[in-house]
Amino acid sequence: RLPRAKLVASELANKAAYRATQLQGGYGFIQETSATRSASRSAATRGSRSAWRTSRPGGGDPTREFPGFHEALARGKRSAVLDLSDPRGRAAFLTLAAGADVLLEGYRPGAMSRLGLGHEVLREANPALVHVCVSGFGQDGPYRDRPGHDLSYQALSGTLYGQLGQAELPRPTTLELGDLAAGLFAAQAILLGLVRRGRDGGGSYTDVSMFDGLVSLLSAHLVPLLNH
């Protein structure tokens, strides 16, 4: 049986991660952006007794500008404002991370390291931490530093291929598929990390790419074409 989950996450700077999936578990501290908000919401609605999100000073969670959206994804969570560029904010964050089961992160690649809160630092504070990073194109590779949005990832991955050749202008999809897919893969990574920790007691680090997630969902379409 899995231990009840403590989740950790901080306000993600990457604008493409406001969704993340639902986790079963107990305690949590949550770090959020576009693709991680759903996951943290799920943790809160599925039994996480201490689901936290950390927000930046000077306005907090930017989704507050969209009340309905914010209420849907922020329900059941507690919030703390931390300035991670300030030593006191970093110290408070490390204290929270030291008692957490899971850190769900959505900054651009390298941002946490520049703040002095990279994975090695977090692992030293909590060797059993399950650390999951969500970003547009992953933590390495030629596109790692490129900004993007859900529609960008859909276009580059080929998700919008069905609109090619149409007379009318292409339209964005109704669902934010990149965000939602990344949330699902982030939830899988969290659960697998908790299973592994239950077996050997160690933590883990998983890189979730929104772009890669969409490509993987297209495998049923891509494989026949590549084998043709």
Side-chain angles (χ1 to χ4, degrees), residues 2 5-26 28-48 51-55 61-63 66 68-77 79 100-109 111-112 129-139 147-157 159-160 172-195 204-219:
L2 289 175
K6 294 179 184 176
L7 293 178
V8 179
S10 102
E11 179 74 28
L12 311 178
N14 183 351
K15 294 280 177 154
Y18 288 96
R19 313 227 177 240
T21 58
Q22 335 224 352
L23 225 210
Q24 319 217 7
F29 175 77
I30 294 172
Q31 168 172 0
E32 301 198 279
T33 54
S34 271
T36 58
R37 280 191 176 84
S38 304
S40 53
R41 178 205 56 193
S42 295
T45 56
R46 301 246 176 143
S48 178
W52 281 84
R53 59 197 184 127
T54 66
S55 300
D61 187 343
T63 64
F66 309 95
F69 186 73
H70 178 264
E71 290 167 8
L73 296 180
R75 69 180 187 269
K77 305 174 193 176
S79 179
D101 288 318
V102 177
L103 169 65
L104 182 59
E105 178 209 328
Y107 281 115
R108 287 186 184 180
M112 290 288 278
L129 182 67
V130 175
H131 185 182
V132 178
C133 297
V134 180
S135 63
F137 297 100
Q139 299 298 306
H149 189 270
D150 194 279
L151 189 58
S152 309
Y153 310 130
Q154 290 191 46
L156 287 168
S157 67
T159 308
L160 302 178
T173 57
T174 303
L175 293 175
E176 297 85 356
L177 296 178
D179 291 343
L180 293 169
L184 290 169
F185 285 115
Q188 290 181 26
I190 290 169
L191 294 173
L192 290 170
L194 291 172
V195 169
S204 59
Y205 176 84
T206 306
D207 173 15
V208 176
S209 161
M210 299 175 74
F211 171 78
D212 290 354
L214 287 174
V215 172
S216 71
L217 294 180
L218 286 169
S219 59

Spatial distance of atom [atom1] ([X]) from atom [atom2] ([Y]) [nearest 0.5 Å]:
X: His149; Y: Glu176; atom1: NE2; atom2: CD; answer: 7.5 Å
X: Met210; Y: Leu180; atom1: CE; atom2: CG; answer: 8.5 Å
X: Gln139; Y: Met112; atom1: CD; atom2: CE; answer: 10.5 Å
X: Cys133; Y: Leu104; atom1: SG; atom2: CG; answer: 9.0 Å
X: Asp150; Y: Asp179; atom1: CG; atom2: CG; answer: 4.5 Å

Heavy-atom closest contact ([X] atom, [Y] atom, distance):
X: Asp207; Y: Ser135; result: OD1-OG, 4.4 Å
X: Leu160; Y: Leu151; result: CD1-CD1, 3.9 Å
X: Ala100; Y: Leu129; result: O-CD1, 3.9 Å
X: Ala182; Y: Val208; result: O-CG1, 3.8 Å
X: Val132; Y: Ala189; result: CG2-CB, 4.0 Å
X: Pro109; Y: Gly138; result: CG-O, 3.3 Å

(message) Using side chain to side chain contact (heavy atoms under 4.5 Å, CB included), reason through Phe185 and Ser209 one step at a time and then give a plain yes or no.
(response) CA-CA 9 Å; Phe185 285 115; Ser209 161; over 6 Å; no
(request) Sequence neighbours left out, what passes side-chain contact (heavy atoms from CB on, under 4.5 Å) with Thr159? Give chain and number order. (result)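 Gln154, Ser157, Leu177, Leu214, Leu218.
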(message) Going by the rule side-chain contact (heavy atoms from CB on, under 4.5 Å), which residues pair with Leu192 if we only count those two or more places apart in sequence or in a different chain?
(response)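 Scan of Leu192 (side-chain contact (heavy atoms from CB on, under 4.5 Å), adjacent residues dropped) gives none.
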(request) Identify, with sequence neighbours excluded, every residue that meets ring-ring contact (aromatic ring centres under 6.0 Å, His included) alongside Phe211. (result)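 Once residues adjacent in sequence are excluded, the partners of Phe211 under the ring-ring contact (aromatic ring centres under 6.0 Å, His included) criterion are Phe137.
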